[in-house]
Amino acid sequence: QGQLVESGGGLVQPGGSLRLSCAASGSIFSINSMGWYRQAPGKQRGLVATITTLGRTNYADSVKGRFTISRDNGKNMVYLQMNSLKPEDTAIYYCKVIGSGYVYWGQGTQVTVSS
């Protein structure tokens with residue numbers, strides 16, 4: 001069984017920045033993609049950004065130009081740099097890893113954008 005641990009969430013003012021990290025451990029092998037999803041109160045969980053092993057990225061339209069996903073394949077880490085944060089970015093952010101025959105989710109980290 002694999003484990004994902006997110007960190008880096010918190011409270012930030014509009015226009016501010018945060019960097020989320022996700023560490024994958026345990027039965028993690030042959031990773032195909034890693035990514036971030038978020039769920040705001042009363043809404044469904046949705047895509048924020050994903051990145052493949054070869055570095056191909058995909059972003060939700062709402063975060064393009066503001067968020068950047070990156071990964072360290074050697075350390076099984078994925079990051080999300082979030083700039084120009086808006087109140088509507090407030091949500092629980094979840095890390096997701098897809099590998100050969102498995103999908104793992106982290107427990108989530110809260111991001112709150114408020115003045």
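This chain uses plain numbering: 1 for the first residue, then up along the sequence.
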Begin from the C-alpha positions of Asp89 and Lys86 and carry the test salt bridge (charged side-chain N to carboxylate O under 4.0 Å, His left out) through to its verdict.
-> CA-CA 5 Å; Asp89 294 317; Lys86 305 175 181 180; over 6 Å; no

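- Of the N and O atoms on the side chains of Arg71 and Asn73, at least one donor lies less than 3.5 Å from an acceptor on the other residue.
- Of all heavy-atom pairs between Leu4 and Cys22, the closest is CB-SG, 4.0 Å.
- A distance-only check finds a donor-acceptor pair linking the side chain of Thr53 to the backbone of Ile31 [under 3.5 Å].
- For the pair Gln39 (side chain) and Ala91 (backbone), a donor-acceptor distance under 3.5 Å is absent.
- Inspection of the Tyr37 and Arg45 side chains reveals no N or O donor paired with an N or O acceptor under 3.5 Å.
- Residues Tyr59 and Ile69 approach most closely at OH-N, 2.9 Å, considering heavy atoms.
- The environment of CD in Glu88 is crowded: more than 12 heavy-atom neighbours from other residues, nucleotides or ligands sit within 6.0 Å.
- Counting heavy atoms of neighbouring residues, nucleotides and ligands inside a 6.0 Å radius, atom CD of Gln81 exceeds 12 of them.
- Separating the CG atom in Leu20 from the OH atom in Tyr94 is a distance of 13.0 Å, to the nearest 0.5 Å.
- A donor-acceptor pair under 3.5 Å is absent between the side-chain atoms of Tyr93 and the main chain of Ser7, judged by distance alone.
- Scored by the side-chain contact (heavy atoms from CB on, under 4.5 Å) test, Lys75 finds Asp72, Met77 as partners (sequence neighbours excluded).
- Tyr104 pairs with exactly one of Gln3, Gln1, Lys96 by the side-chain contact (heavy atoms from CB on, under 4.5 Å) rule, that one being Gln1.
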